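Quick caveat, the model's predicted, so the values are computed rather than measured.
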Amino acid sequence: MARALVTGSTSGLGLEFAWQLAGTGHDLVLVSRDEDRLHAVSEQIRDVHDVHVEILPADLSDRDRLERVASRLTDPVDRIDLLINNAGYGLRGGFLDIGVEDHEKQMDTLMKAVLVLSHAAARTMVQRRRGAILNVSSLAGYTTAGPYAASKSWVTVFTESLAMELKGTGVTATALLPGFVQTEFHERAAMSMDGMPRVTWLKAPFVVEQALKDTAKGTVLSIPSVKYRTAGEFSRIAPRPLIRAMTSPNWYRRFQQRAVLQSQRKASRRALRAPWQRDDEA
């Protein structure tokens, strides 16, 4: 039976990856900072699916704990066939509004952990001439929306490079570049996305299903949905001054202002007739 290791596996896309992989008969190694949620998720999955679920609590920004996860990937007995580097989070605020220590911790999770775990997994998988690595990146990597976007740009380019280096070894590397996905990501970053049009959102089950299909085929860049593939191509080839103007780090502030204006316009058009209002009151 195949075994997958999933980081950031107690919420969002990571949790969806865990459920879908368990549903296809994969044993699991679940990695997350939250040990209590790890226990809860593992018990829920075991109650539904006949798979073995191992938990590995770890804050991947901590080098010692990261090394524990890397060591698990090199286990010659209980081998890992699929690594999913999914762990990540956003920070609310501009670059100068946030302490540099918080930026460093985020970069350690988004980039260093991907580098270290991919290295450990790839070297072990190449020896067996079988395996796959799926790194969760983002279409934000084609934009100029701050350090998070820059880190995702790195993940995409790194994965493309790794995929070429692994060609012919029996091991593949895939980068998943979703757009806006309905998960806890924005809520945990205290970012309200109420004004975002519904058409821009993707559902986590669809994104994960497409990502796993692309990984099985050895696709290097997995971009779910035609609309986001089109947006990705536009972002990739558009003049950089245009991209900077459209996706500068203050995009969230502009988005919030737009959402407030929309709410004000809707409220002004809404006729309120409360039951305590009398007919003779205008």
Side-chain angles (χ1 to χ4, degrees), residues 1-9 12-31 73 80-88 110-111 113-115 117-119 121-122 125-126 128-143 149 151-183 185 200-237:
M1 184 178 290
R3 181 180 290 105
L5 186 149
V6 185
T7 68
S9 56
L13 289 178
L15 181 59
E16 185 63 31
F17 273 117
W19 276 104
Q20 289 200 26
L21 287 166
T24 56
H26 286 73
D27 286 336
L28 299 172
V29 179
L30 303 182
V31 181
L73 287 164
I80 301 297
D81 302 286
L82 171 63
L83 165 64
I84 299 181
N85 279 312
N86 167 77
L110 296 179
M111 293 192 293
V114 172
L115 175 74
L117 298 185
S118 295
H119 188 269
M125 291 173 179
V126 165
R128 302 198 314 266
R129 300 193 64 81
R130 186 180 69 187
I133 297 170
L134 172 58
N135 294 328
V136 177
S137 185
S138 172
L139 283 176
Y142 289 148
T143 74
S151 70
K152 290 305 183 181
S153 177
W154 181 90
V155 171
T156 299
V157 174
F158 165 73
T159 306
E160 289 182 291
S161 173
L162 179 61
M164 296 305 296
E165 186 171 343
L166 293 174
K167 198 168 184 178
T169 66
V171 183
T172 62
T174 298
L176 169 62
L177 283 70
F180 291 107
V181 185
Q182 292 177 340
T183 68
F185 178 87
T200 61
W201 292 96
L202 297 176
K203 293 186 180 299
F206 168 76
V207 172
V208 168
E209 181 180 1
Q210 294 302 308
L212 292 176
K213 287 180 178 179
D214 286 339
T215 302
K217 292 185 294 186
T219 303
V220 178
L221 296 181
S222 174
I223 305 178
S225 87
V226 173
K227 62 189 174 186
Y228 276 123
R229 284 194 290 274
T230 303
E233 281 301 304
F234 172 79
S235 299
R236 188 176 62 83
I237 66 176

Tell me if a side-chain donor or acceptor on N86 pairs with a main-chain N or O of V136 at a distance below 3.5 Å.
no
Under the salt bridge (Lys or Arg N to Asp or Glu O under 4.0 Å) rule, what pairs show up with a residue in residues 205-220, not counting sequence neighbours?
E209-K213, D214-K217
Identify the heavy atoms of G14 and V6 that sit nearest to each other, and give their distance.
O-CG1, 3.8 Å
To the nearest 0.5 Å, what is the distance between CD (E165) and CD (E160)?
14.0 Å
How would you list, by chain and number, every residue that makes a side chain to side chain donor-acceptor pair (under 3.5 Å) with S137, sequence neighbours excluded?
T156
Salt bridge (Lys or Arg N to Asp or Glu O under 4.0 Å): which pairs involve residues 130-141, sequence neighbours left out?
D81-R130
side-chain contact (heavy atoms from CB on, under 4.5 Å) between M125 and L166, intermediate numbers included
CA-CA 10 Å; M125 291 173 179; L166 293 174; over 6 Å; no
Check P224 against P178 and note the closest heavy-atom contact, atom names and distance.
CD-CA, 4.2 Å
Who are the side chain to side chain donor-acceptor pair (under 3.5 Å) partners of T159, not counting sequence neighbours?
N135
How long is the gap from NE2 on H119 to CG on L73, to the nearest 0.5 Å?
12.5 Å
Are the side chain of Q20 and the backbone of P205 linked by a donor-acceptor contact shorter than 3.5 Å?
yes
Which heavy atom of A163 sits nearest to which heavy atom of A173, and what is that distance?
CB-O, 3.6 Å
Suppose we screen for side chain to side chain donor-acceptor pair (under 3.5 Å). Which residues come up paired with T169, at least two apart in sequence or across chains?
none
Separation between OH (Y142) and CG (L177), nearest 0.5 Å, reads 5.5 Å
Show every ring pair (Phe, Tyr, Trp, His ring centres under 6.0 Å) that has at least one partner inside residues 154-177, sequence neighbours left out.
W154-F158
Consider side-chain contact (heavy atoms from CB on, under 4.5 Å). Of V31, L28, N85, which one does L5 pass it with?
V31
Evaluation steps, side-chain contact (heavy atoms from CB on, under 4.5 Å), between V208 and W19
CA-CA 10 Å; V208 168; W19 276 104; over 6 Å; no
Shortest non-hydrogen contact from A121 to L83?
CB-CD2, 3.7 Å
Of T24, L21, V207, L176, the one forming a side-chain contact (heavy atoms from CB on, under 4.5 Å) with L212 is L21
Quick check against the 3.5 Å criterion: does S161 have a side-chain atom that pairs as donor or acceptor with the backbone of V157?
no
Any idea which heavy atoms bring A140 and A149 closest together, and the distance?
O-CB, 3.1 Å
Look up atom CG in L82 and atom CZ in F17, then write down how far apart they are to the nearest 0.5 Å.
8.5 Å
Rounded to the nearest 0.5 Å, the CD1 atom of I80 sits from the CD1 atom of I133 at a distance of 12.0 Å
